[in-house]
Amino acid sequence: MKNWTELENSSFFDANARERALGMVDKGTFTEFLNPLDRYCSPHLPVLGTAVEFDDGTVCGVGLLGKHPVFVVSMEGKFIGGAIGEVNGGKMVATIRLALKAAADIKAKYPEEYAARRPLVAVSFETGGVRLHEANAGLLAHAEVMDAFQDCRGIVPVVAVVGSKVGCFGGMGFVAAATDVIVMNEEGRIGLTGPEVIEQEMGKDEFDASNKALVYRTTGAKHKYIIQDCNYLVEDKIGEFHKTLAEVAEIPMAEIEKMRRIGSLKLVQEQQELVKLVGDMQPKDSMDLWKYFGNEDPAALPEMTTAEFLKVVKRRVRS
Amino acid sequence: MALQVLEFEFKSAATQEIAKEWSHLGVTGSGDLEVLMEKKALNGGVKAKVVTPVKGFDAVWEKMLGKFVTDTGVGNVSIEINDDNATPIVVYMRLRQALAEATAKEAE
Amino acid sequence: MELKGITREWDSLKKDAAARAASAAPYVKEGKIVDAKDAVALLEAVIKPGDKVNIEGNNQKQADFLAKTLCQVDPGKVHDLHMVQSVLTLPEHLDVFEKGIAKKLDMSFSGPQAGRIAEFLKEGKLELGAIHTYLELYGRYFVDLTPRVALIAATKADRHGNLFTGFSTEDTPAIVEATKFRQGIVIAQVNEIVDELPRVDIPGDWVDYVIQSPKPFYIEPLFTRDPALITDAQVLKGMMAIKGIYGEYGIKSLNHGIGFDTAAIELLLPTYGEELGLKGKICTNFILNPHPSMIPAIESGWVESIHCFGGELGMDEYVAARSDIFFVGPDGSMRSNRAFSQTAGHYAIDMFIGGTLQIDPYGNSSTATANRVAGFGGAPNMGCDPKGRRHSSEAWLKCGEEYGVKEAMWGPVHRGKRLVVQLAETFREKLAPGFVEELDAFALAKNANLPIEPVMIYGDDLTHIITEEGIAYLHKCRNMEERTAAIRGIAGFTEVGMKADPKETLRLRDLGVIKTADDLGIDMSRANRSMLAAKNVHDLVVWSKGLYNPPAKFRNW
Amino acid sequence: MEELDNTMIGRGRDAIDMIIDKDSFQENIIDGYSFDPDYGPGSVVGTAKLNGKPTTIIANDAMAFNDRFPVVFGGVIGLEEGYKMATAVYRTMEADKDKPLPEKRAIVLIVDTPGNGPGKMEEIAGMNKSTGGYQLALAEARKAGHPIVAMVIGRAISGAFLCHGLQADHILALSKDFGTMIHVMPLTSIARITKMDIERLEELSTSNPVFAAGVDFFYKLGGVQEIVNQVEDMREVIIRHIDEVAKLKAEGKGELLGPWGRGILGNERGGRTHRMEAIAKVNAEFAAVADKYINA
């Protein structure tokens with residue numbers, strides 16, 4: 001195991017779910033729920049001849065950022081593509097709901113200090129959505145997460161952390177969109193339909209899934225940042241995510257609400273403007289939009305380092 | 001079609017034991033595995049349980065785990081593995097890494 | 001006895017070529033330019049039944065437009081062709097057999113089409129001459145397989161037919177020289193027709209027709225290995241190779257195969273190699289395509305020279321900016337040349353190292369599988385001990401010095417030995433064994449009715465095998481029995497390895513015929529991806545100072 | 001699949017008429033707000049009377065095409081459709097925002113959708129926000145006291161069902177005799193992915209409903225509250241469920257409704273017991289360390 005300094009300096013993209021979970025919170029504060037020793041594997045995979053994992057592919061637990069309890073869900077893309085089934089879906093829902101319980105307990109116990117002790121939910125998404133081996137249970141779990149997120153509104157911030165190999169797709173794509181704050185590294189991707197399916201639907205000429213540069217332009221973090229679907233674009237280091245979460249933990253709830261992209265009529269109207277723009281423009285490539293938002297040389301943006309990009313990029317102006 | 005569950009027991013010179021009560025390493029990714037080691041009073045011996053989708057490699061697992069026990073002299077440990085088509089070298093490397101992890105002092 | 005010369009025409013080939021040119025004349029627009037829309041008619045005019053025809057193509061650039069065009073000719077007019085070409089890669093390369101346009105085939109290598117070749121052979125749709133190595137085939141271009149018509153690919157042409165092949169020169173000079181100087185016909189597809197070329201790679205009077213293809217020729221980024229996909233086990237083998245072979249023998253001149261194993265080695269030079277103090281002592285001169293995974297080693301000052309068989313997509317700008325290292329023309333762009341690079345790879349380097357799929361207990365090594373007729377391209381040229389070598393080097397001499405049967409075979413003569421190294425994992429993905437009692441090549445020879453088993457590297461040429469279990473120094477063995485024991489000793493839990501006698505393995509370790517990672521003093525827990533100088537393609541771009549421009553499919557940004 | 005002459009697939013608009021009070025549907029009107037009739041044609045929104053009470057209707061129109069977004073046809077929910085449906089929910093809440101709980105109008109979702117828009121433009125604009133935005137709106141309305149009942153009349157496939165259906169208080173579905181499809185993927189696709197025989201999967205699905213396609217399996221998992229066996233019964237059953245839901249909300253038993261309520265139901269029906277067990281274990285494990293985090 002890496003020591004703390006190594007862990008914080010290591011690539012978020014390359015890290016496994018447990019390393020991310022440990023490193024996103026303060027040193028030595030993470031307690032895992034249903035850890036490997038509990039051996040709570042999916043009961044549905046063995047009959048289908050599919051390998052199991054002791055944590056069912058999702059590391060859940062609680063840690064601290066200062067005095068803020070952080071309820072962490074961290075998905076492992078290497079295990080069945082990070083997909084959600086009955087057990088890991090249940091773990092995820094339970095962990096998010098615990099943040100609400102903790103919020104209530106803290107409010108009761110420290111009414112004056114709630115802001116300083118306010119819990120946070122951080123979900124490190126690395127998933128294609130529903131696990132097909134237990135698809136129905138996985139689908140129902142998605143709805144439960146959306147429901148729990150709505151319960152968190154205005155009480156505890158829910159942060160999506162996206163920067164791993166698989167990205168965040170399928171049903172979990174809209175789960176991530178439904179959070180308050182989205183933090184990504186350059187390698188992060190969020191979408192609904194995966195590139196292979198788009199290619200299948202539209203043809204290779206229209207969308208070549210093997211063209212990774214195109215895939216990144218369409219669903220990658222820089223695009224998400226430009227269209228305001230990503231609040232923080234950070235360097236690919238676990239420590240950078242840790243730092244950003246600590247920052248978010250201190251932001252007043254009213255400000256957090258402003259960082260959202262969906263969740264109210266006003267926000268829906270704002271998104272409808274973007275849809276209208278896209279419908280009118282019929283972009284062939286995300287770069288058409290980047291240019292529209294004031295980036296004179298859109299092709300240069302993917303080549304820039306995160307720091308260079310943040311310096312020069314022009315983003316969609318939110319109404 | 002169902003997963004194979006293989007269980008083995010090994011005698012060991014027991015020249016070393018793991019330091020932690022339990023320790024975990026790895027991910028059950030394609031071509032990879034996770035290893036859970038737990039300290040157990042086994043008269044110096046080693047118990048191993050392997051859960052894998054791969055059929056017909058029981059003898060290889062037994063030899064591989066036996067080699068690991070012989071090479072390292074580890075004893076009084078229960079080893080549980082969830083495997084997804086890992087090759088022997090990956091298994092062996094993960095076991096060595098897991099042991100290093102389990103015997104390491106807590107990270108600073 | 002009265003000696004009498006025969007009476008015949010001595011310039012019939014020339015006359016025939018002129019006649020063909022006359023029938024093609026209507027399609028020539030200006031200078032040597034023919035429109036793409038007239039390409040089929042042109043081929044029907046200049047190709048005659050039974051001709052030997054070459055379609056240029058390698059595992060990199062492809063005369064793909066001309067390959068497609070040849071498929072469209074009328075089999076009533078053009079049939080029974082004898083295709084003589086390096087590589088069968090495109091579906092069209094085989095469609096000509098399906099359509100009855102071609103009948104016989106002599107080649108070196110086929111990637112994706114290997115399964116279809118085997119089928120065609122079975123069904124009698126194709127008559128196979130031989131599967132050659134590259135040099136062997138180029139050699140036969142000048143003996144008995146000279147193309148009558150060559151369909152080649154170039155980057156640019158002018159209206160006089162001068163060609164610029166530049167970075168992707170590859171096989172073109174060898175094909176054109178053989179064809180043209182035996183009065184053959186050369187047709188070039190080019191990406192662009194320009195007034196002035198950066199430089200002339202092929203003189204215009206060696207070229208008969210130039211066609212601008214509708215799309216630039218297809219080129220496959222075959223030598224790009226994404227460092228993100230390198231495994232810990234490959235890192236381990238790489239560390240063993242560097243310490244146990246590169247450093248041990250002081251390997252300066254060498255060729256690397258294309259797999260992830262050697263990509264791992266390339267990315268370990270600036271880290272692990274540096275740590276062992278080997279910079280300047282190993283890996284100074286390569287015969288190698290411009291592997292992107294070489295960038296960190298080049299940038300850290302390891303490499304003095306690299307000559308390339310072909311180019312690699314996205315590497316042109318980087319290579320051009322490193323003219324101290326690569327072979328760059330006065331115009332500023334590199335010139336590759338497969339024939340020269342293969343010659344150098346055969347004679348002028350101390351080591352070939354690459355991956356394989358199967359090794360048998362004799363040390364024969366092959367990538368052949370039972371139902372695919374694939375060939376090996378250039379690997380056997382480099383993966384052998386060249387008997388014509390007469391210069392010495394430290395590494396070559398040391399390997400010769402260690403040769404276990406040198407007294408018996410060489411007597412008192414001082415000789416050296418080329419290192420031929422195979423990297424293998426005892427089990428590959430899906431647990432396919434890397435060591436087998438009988439190579440699949442035997443089944444293939446039977447299935448495809450081949451006269452010899454397609455063995456990539458013969459056991460007697462193989463000097464070292466590296467697996468995760470250890471390195472076998474096979475050339476040190478004194479007989480086949482010992483050799484087989486050494487192979488079994490590093491074959492792990494495969495059927496070959498299971499037969500190892502542990503006592504014999506131990507004895508061979510004592511003799512230094514087998515060395516494990518422990519024997520080499522390599523800490524296995526350090527063998528992980530963090531050792532790599534670049535962990536993904538983006539890191540390579542950063543190392544190249546932005547000069548490497550990876551193809552879109554390798555861009556994770 | 002055998003031809004079904006009684007299927008409701010593709011008949012979202014017919015279903016509205018079968019369910020509501022006769023001729024009471026005012027399309028594109030919710031309270032004082034009117035929708036642009038050209039916008040999001042793949043979805044149908046409006047107000048109807050159900051048992052005399054104003055009710056918001058949200059349905060799919062499988063016959064409509066969206067010229068601006070060509071992936072929208074056959075009931076697909078596209079960018080515009082998702083936001084239009086979300087707007088309908090927000091306008092419903094707006095209409096009743098000052099009314100007491102018992103007077104919050106019901107929302108009826110008529111579900112027949114094969115998926116979310118799978119195109120390049122959709123991804124560029126962020127299709128995930130459209131479908132996500134609609135779900136959040138439904139969750140908010142449900143928590144605000146509006147009874148939401150979903151009636152699956154045809155296809156309720158994967159993400160589209162999550163979007164349009166799975167945030168309801170109760171979900172009803174026509175029985176499989178009507179060709180009703182609820183699934184993430186058909187069993188044939190699962191067979192391909194798991195490399196298992198379809199026969200074996202079918203056999204397994206009888207004892208374990210978590211992966212099989214079909215209304216009955218969703219019922220077992222708590223995903224469907226009640227199966228409706230006759231088209232003519234839809235109206236009556238929906239009204240009954242709206243009343244049941246309203247009653248539970250009035251009693252403060254919202255936890256028995258919606259996604260969480262379906263989890264409880266799935267446990268009771270024996271189809272989803274591990275979820276509950278995992279949740280209980282997580283809760284217990286946190287309880288054991290809670291002090292450290294609450295009192296940090």
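Within every chain, numbering begins at 1; the chains are lettered A, B, ... in the order of the sequence lines, protein sequences first and strands thereafter.
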Where does [X] contact chain A at under 4.5 Å (heavy atoms): side chain, backbone, both or neither?
| X | answer |
| --- | --- |
| D/K120 | both |
| D/P70 | neither |
| D/S205 | neither |
| D/E140 | both |
| D/I294 | both |
| D/Y90 | side chain |
| D/N295 | both |
| D/L201 | side chain |

What part of [X] gets closer than 4.5 Å to chain D, counting heavy atoms only: side chain, backbone, both or neither?
| X | answer |
| --- | --- |
| A/H142 | both |
| A/T219 | side chain |
| A/V275 | both |
| A/D147 | both |
| A/P43 | side chain |
| A/V87 | both |
| A/L289 | side chain |
| A/R217 | neither |
| A/E134 | both |
| A/E206 | both |
| A/E32 | backbone |

Among [options], which residue forms the greatest number of heavy-atom pairs with chain D at distances under 4.5 Å?
| options | result |
| --- | --- |
| A/K67, A/H68, A/E201, A/E86 | A/E86 |
| A/Q271, A/K276, A/K91 | A/Q271 |
| A/G170, A/S42, A/G63 | A/G63 |
| A/R153, A/R131, A/Q269, A/K284 | A/K284 |

Whether A/N136 side chain and D/P209 backbone form a donor-acceptor pair below 3.5 Å: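 Present.
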Toward chain A: residues of residues 285-293 of chain D with heavy atoms under 4.5 Å: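 Result: D/E285, D/F286, D/V289, D/K292, D/Y293.
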Positions in residues 100-107 of chain A that reach chain D, provided some heavy atom is under 4.5 Å away: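 So far as heavy atoms go, A/A102, A/D105, A/I106 are the residues that approach chain D to under 4.5 Å.
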From D/K281 atom NZ to A/Y40 atom OH, the distance as rounded to the nearest 0.5 Å: 6.5 Å
Rounded distance (nearest 0.5 Å) linking atom CG of A/L139 with atom CG of D/L162: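 CG of D/L162 is found 4.0 Å from CG of A/L139.
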Within 6.0 Å of OH in A/Y110, more than 12 heavy atoms from elsewhere: yes
A/D280, CG: over 12 other non-hydrogen atoms inside 6.0 angstrom: yes
For chain A, the option from D/E277, D/H183, D/E94 that forms the most heavy-atom pairs under 4.5 Å: D/E277
